[in-house]
2 protein chains.
Amino acid sequence: MISVQEKLKEKGLKVTPQRMAIYNAVVKLNNHPTVENIVDSIKIEYPSVSVGTVYKVLNVLVENGLLRKVKSEKDIMRYDAMMEHHHHLYCNATDRIEDYEDMQLDTLVKDYFNRKKIKGFKIQEVKLQITGNFTT
Amino acid sequence: MISVQEKLKEKGLKVTPQRMAIYNAVVKLNNHPTVENIVDSIKIEYPSVSVGTVYKVLNVLVENGLLRKVKSEKDIMRYDAMMEHHHHLYCNATDRIEDYEDMQLDTLVKDYFNRKKIKGFKIQEVKLQITGNFTT
DNA sequence: ATGCCTAAAGATAATCATTATCTTTTGAGA
DNA sequence: TCTCAAAAGATAATGATTATCTTTAGGCAT
Ligand SMILES: [Mn+2]
Ligand SMILES: [Mn+2]
Ligand SMILES: [Zn+2]
Ligand SMILES: [Zn+2]
């Protein structure tokens with residue numbers, strides 16, 4: 001469990017309170033917060049944070065592999081601290097997005113495409129977009 | 001092969017030259033054009049078309065099940081005239097998006113999730129987002 | 001065919017998430 | 001501590017999309 005500070009240093013990025021707060025907010029909020037969610041969360045300990053800074057920091061963290069972007073139905077970007085390969089469950093009634101990891105499924109899909117090639121296309125990654133309803 | 005006119009009438013929508021041109025442009029352009037692509041295409045026979053009208057018509061056609069939206073990497077909506085269940089191949093180098101139909105795969109996935117349920121989630125649809133490189 | 005009425009098109013402004021620009025501050029090495 | 005590029009803050013700009021308002025025109029009744 002490597003710390004944010006170390007991750008930033010590894011990439012040659014300066015360790016700033018804002019970067020730590022923003023990264024930690026995405027981790028803590030969990031489940032793909034929007035920029036607005038993140039700003040609200042940080043405002044508690046950082047009432048003066050600039051929204052432009054949040055956007056900038058998020059882009060830096062994405063470019064350096066600390067976070068990833070998740071696109072949602074609506075035209076609003078969301079962020080994900082889960083960097084391992086995984087799929088997403090999308091609620092078709094709300095904005096809820098949950099992570100879904102399934103190595104058995106990944107094996108199944110990988111085996112399938114090893115046997116059945118798509119002509120004219122070299123597959124790099126297959127992600128499932130699973131839509132439906134949460135019952136909990 | 002039911003015509004656009006008939007599809008519009010079925011839905012109680014007025015048949016207008018703009019609606020036909022826009023729908024046909026999406027069909028003809030093929031592979032998920034942007035609004036800009038569509039406007040450019042229509043401008044040839046319809047030099048005076050209003051961009052606002054194109055947005056409005058596209059939304060109407062999506063709401064009435066004649067077209068669907070496809071979200072791309074960039075913050076630009078794209079449109080699809082292919083209404084049957086299918087997956088997408090995304091190029092990780094360009095904006096290219098191709099359709100991918102595979103009933104064998106669909107059966108495999110459906111069978112898998114019939115056996116292995118996701119707890120707390122009722123699946124409605126599973127779409128694969130396949131990223132990689134086109135070799136043609 | 002003509003007129004009527006509402007839905008749709010056109011024109012234009014507004015919205016809003018995101019990016020860009022500029023100034024001020026600050027992390028980190030010397 | 002000093003220095004300086006990098007990062008934060010403040011603010012304006014961008015650009016896709018939507019909203020509002022006026023004008024036009026499909027489609028039905030006469
Ligand atoms: Mn946008
Ligand atoms: Mn947008
Ligand atoms: Zn995720
Ligand atoms: Zn498609």
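In this text the structure is predicted, and so the values were computed from the model without any measurement. Below, chain A is the first sequence line, B the second, and so on; all start at residue 1.
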Write out a two-atom table: protein N or O, nucleotide N or O from nucleotides 27-30 of chain D, distance below 3.5 Å.
{"unit_1": "D/dG27", "atom_1": "OP1", "unit_2": "B/Val15", "atom_2": "N", "d": "2.8"}

[X] [atom1] to [N] [atom2], straight-line distance once rounded to whole Å:
X       : N      : atom1 : atom2 : value
A/Asn37 : C/dT18 : CG    : P     : 11 Å
B/Ile38 : D/dA16 : CD1   : C1'   : 13 Å
A/Asp75 : C/dT19 : CG    : P     : 11 Å
B/Leu58 : C/dA9  : CG    : C1'   : 14 Å
A/Asp40 : C/dA17 : CG    : P     : 12 Å
B/Met20 : D/dG26 : CE    : C1'   : 11 Å

Between C/dA9, D/dG9, D/dA16, which one does the side chain of B/Val57 approach most closely? C/dA9
Residues 16-29 of chain B, side-chain donor-acceptor partners within the protein, below 3.5 Å, at least two apart:
{"unit_1": "B/Thr16", "atom_1": "OG1", "unit_2": "B/Arg19", "atom_2": "N", "d": "3.1"}
{"unit_1": "B/Arg19", "atom_1": "NH1", "unit_2": "B/Lys14", "atom_2": "O", "d": "2.9"}
{"unit_1": "B/Tyr23", "atom_1": "OH", "unit_2": "B/Lys7", "atom_2": "NZ", "d": "2.9"}
{"unit_1": "B/Asn24", "atom_1": "ND2", "unit_2": "B/Met20", "atom_2": "O", "d": "3.0"}

Taking for each residue the nucleotide of DNA chain C bearing the nearest heavy atom, is the 5' side occupied by A/Val35 or by B/Arg19? B/Arg19
Please tabulate the protein-to-nucleotide N/O contacts below 3.5 Å involving nucleotides 18-20 of chain D, giving atom names and distances.
{"unit_1": "D/dT18", "atom_1": "OP2", "unit_2": "B/Asn59", "atom_2": "ND2", "d": "3.2"}

Starting at CG of A/Leu58, measure out to CD of A/Glu63 and round the result to the nearest 0.5 Å. 11.0 Å
Using a distance-only test with no angle check, is there a side-chain donor-acceptor pair under 3.5 angstrom linking A/Asp99 and A/His32? yes
Short N-O contact, A/Arg78 and A/Asp95, less than 4.0 angstrom: no
